[in-house]
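Contents: one structure, followed by commentary.
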Amino acid sequence: MRSARPKVLHELAGRSMLAHILSTILAGAMGDIAVVVASDGDGVAAEALKAAPDAKIAVQRERRGTAAAVLAARDQIERGYDDILVVYADIPLIEASTLAAMRTELASGADVVALGFEAVDPAGYGRLIERGGRSVAIREEKDASAEERGSRMCNAGPIAFSGAEALNLLAAVKPDNAQNEYYLTDIVEIANARGLLARALIANEKEVMGVNDRAQLAASEAALQDRLRRRAMAAGATLTAPETVFLSYDVKIGRDVVIEPHVVIGPRCTIEDGATIRSFSYIESARIAGGAIVGPFARLRPGADIGVNARIGNFVEIKQSAVEEGAKINHLSYIGDARVGAKANIGAGTIVCNYDGFAKHKTDIGAGAFVGSNSALVAPVTIGDGAYIASGSVITKPVEPDALAVARGRQEARAGWAKAFRDGHKKG
């Protein structure tokens, strides 16, 4: 990845690859989890426990291959399980149903189940070798015969094996290869040599695509976004140009929501039934209630809570603020650390001055209030229900309900001044 960040902590749709795979395992109720990390993997361990608090962390002190990594969790394996399922955090799109199918194969009599896929281009992949309905080997491409390399049946990586046979199979793996490493894939041949039954299960290639560089990370992001968009549309949302909309893994989108082109929706967002998100809007950690319209070119930052039938227009930024039912902020405004009451109207160019250089302060705008264009509300300040703020005002004191507040310099006109000014400069 050419990164200071461990590979499995790189994100897809707002969540690390490691958290994606752990979430899948938890969703499928797969049982106890052991996460194997490197000796310098404190950050990976912390992310694992954040995603799966009950997981056990096992440390691989010396990197000697995948079988050695699994044996780093020997203490966990020795507790005794019906089956052991080994998955990789850099295959983040695998589905819980696929993992469950691997376990079902074990329950139906197999001792080892290897997950494979039929590759469009098998170059570079290890091959799954089958004979007579049995998996007999997983062969690295460089070690495969010409006939074996002609196969498009490739090894995906995840593998499951009988809990009763686990330690015996792992102990039999030897570092008989140029890398002098212990390959977990060798247990397929070991199982066959011992008269045990090994089978292959075939998954969709996109589901098991691995991530080893930034290009593959982007490809996985594209595949996951397609999955998230289809899920939103299947649940009743309209995405008018789906390929241009980017969704977080945890977004909640209701029925009859309309999302126009070029919208980004980040983590912890809820968009309720009947809301509309117009083009080029960016939303994160926000709630948008039914009937509300947001955008185009709007930015909702964390803590934005947009009420029923509210209007957030172009080039409006909302942060840590509640905009109540029917309120309108239609253009060119910033609202931060505030409440905008029901049916209030915020004029173009209005800003809430919420930060004094040391602390954030609150602004409360009452129901039905009217704030004229190009006004500045200096927090902390309260504007009462139905109050009227004259355009261009700088409000620093509370405004009573239904009052008019004017806070600007008085206009003065001097006839002929501009001409005299220009004429004076021409003479000079």
Side-chain angles (χ1 to χ4, degrees), residues 1-26 33-73 76 86-94 123-126 140 155-158 178-185 206-228 245-251 264-269 282-286 299 301-303 319:
M1 301 298 284
R2 298 187 183 277
S3 174
R5 184 193 303 183
K7 178 171 71 170
V8 298
L9 299 188
H10 284 261
E11 294 186 346
L12 297 172
R15 180 165 62 176
S16 73
M17 290 192 283
L18 175 59
H20 274 290
I21 194 68
L22 289 172
S23 176
T24 298
I25 292 166
L26 291 170
I33 299 171
V35 180
V36 179
V37 304
S39 56
D40 59 351
D42 291 347
V44 175
E47 176 73 357
L49 293 174
K50 180 181 174 183
D54 294 330
K56 306 300 181 185
I57 303 299
V59 179
Q60 186 182 12
R61 301 292 177 188
E62 186 179 5
R63 300 185 185 187
R64 294 290 306 279
T66 48
V70 174
L71 278 172
Q76 190 77 1
V86 180
V87 295
Y88 297 89
D90 60 0
I91 306 176
L93 303 186
I94 195 165
Y125 291 108
E140 292 301 316
N155 176 39
Q179 286 71 34
N180 195 35
E181 291 186 350
Y182 297 85
Y183 290 155
L184 184 61
T185 50
K206 280 190 176 182
E207 182 185 346
V208 293
M209 66 170 67
V211 176
N212 292 304
D213 57 33
R214 306 283 182 152
Q216 291 176 343
L217 184 70
S220 290
E221 179 76 46
L224 180 54
Q225 287 298 328
D226 184 64
R227 186 185 295 179
L228 293 170
V245 174
F246 288 82
L247 304 174
S248 174
Y249 74 97
D250 61 348
V251 65
V264 176
I265 301 174
R268 297 173 296 280
C269 287
Y282 190 104
I283 301 166
E284 54 183 326
S285 299
R299 184 183 180 196
R301 290 170 58 191
K319 190 270 300 185

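Please read all numbers here as calculations on a predicted model, not as lab measurements.
When side chains are defined from C-beta on, Ser285 does not count as touching Arg301, because their heavy atoms never get closer than 4.5 Å. When side chains are defined from C-beta on, Thr66 does not count as touching Thr185, because their heavy atoms never get closer than 4.5 Å.
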**OP:** Start with the C-alpha distance between Leu228 and Val251, add both sets of side-chain angles, then the distance that settles side-chain contact (heavy atoms from CB on, under 4.5 Å), and finish with yes or no.
**Re:** CA-CA 9 Å; Leu228 293 170; Val251 65; 5.9 Å; no
Original post:
Under the side-chain contact (heavy atoms from CB on, under 4.5 Å) criterion, do Asn212 and Lys7 qualify, and how do the steps go?
Top reply: CA-CA 8 Å; Asn212 292 304; Lys7 178 171 71 170; 2.9 Å; yes
**OP:** Might you work through the side-chain contact (heavy atoms from CB on, under 4.5 Å) test for Ser23 and Arg15, ending with a clear yes or no?
**Re:** CA-CA 10 Å; Ser23 176; Arg15 180 165 62 176; 3.3 Å; yes
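Open room surrounds CZ on Arg63; 12 or fewer heavy atoms of other groups in view lie less than 6.0 Å from it. Open room surrounds NZ on Lys56; 12 or fewer heavy atoms of other groups in view lie less than 6.0 Å from it.
Residues Leu18 and Val44 approach most closely at CD2-O, 3.5 Å, considering heavy atoms. Between Leu12 and Leu224, the shortest heavy-atom contact is CB-CD2, 3.8 Å. The two residues Ser3 and His10 make their nearest non-hydrogen contact at OG-NE2, 3.2 Å. When all heavy atoms of Arg64 and Asn180 are compared, the pair lying nearest together is NH2-O, 3.0 Å. Considering all non-hydrogen atoms of both residues, Val36 and Ala73 come closest at CG2-CB, 4.3 Å. Taking all atoms of both residues into account, the shortest heavy-atom contact from Gln76 to Ala34 is CG-CB, 4.1 Å.
Rounding to the nearest 0.5 angstrom, the gap separating the CD atom in Gln216 from the CE atom in Met1 is 8.5 Å. Note that OG1 of Thr24 and CD1 of Ile94 are 8.0 Å apart. Values are rounded to the nearest 0.5 Å. Taken from CG in Asp90 to CG in Asp213, the straight-line distance is 11.0 Å, to the nearest 0.5 Å. For the atom pair CG (Leu217) and CD (Glu11), the distance works out to 9.5 Å, reported to the nearest 0.5 Å. Residue Leu71 holds its CG atom at 9.5 Å from OH of Tyr182, rounded to the nearest 0.5 Å. For the atom pair OH (Tyr249) and CD (Gln225), the distance works out to 13.5 Å, reported to the nearest 0.5 Å.
A distance-only check finds a donor-acceptor pair linking the side chain of Ser16 to the backbone of Ala19 [under 3.5 Å]. A donor-acceptor contact shorter than 3.5 Å links the side chain of Arg227 to the backbone of Leu93. Under a 3.5 Å cut-off, the side chain of Glu221 and the backbone N or O of Ala13 do form a donor-acceptor pair.
When each of Val59, Val8, Leu22 is checked for a side chain to side chain contact (heavy atoms under 4.5 Å, CB included) with Val35, only Leu22 meets the rule.
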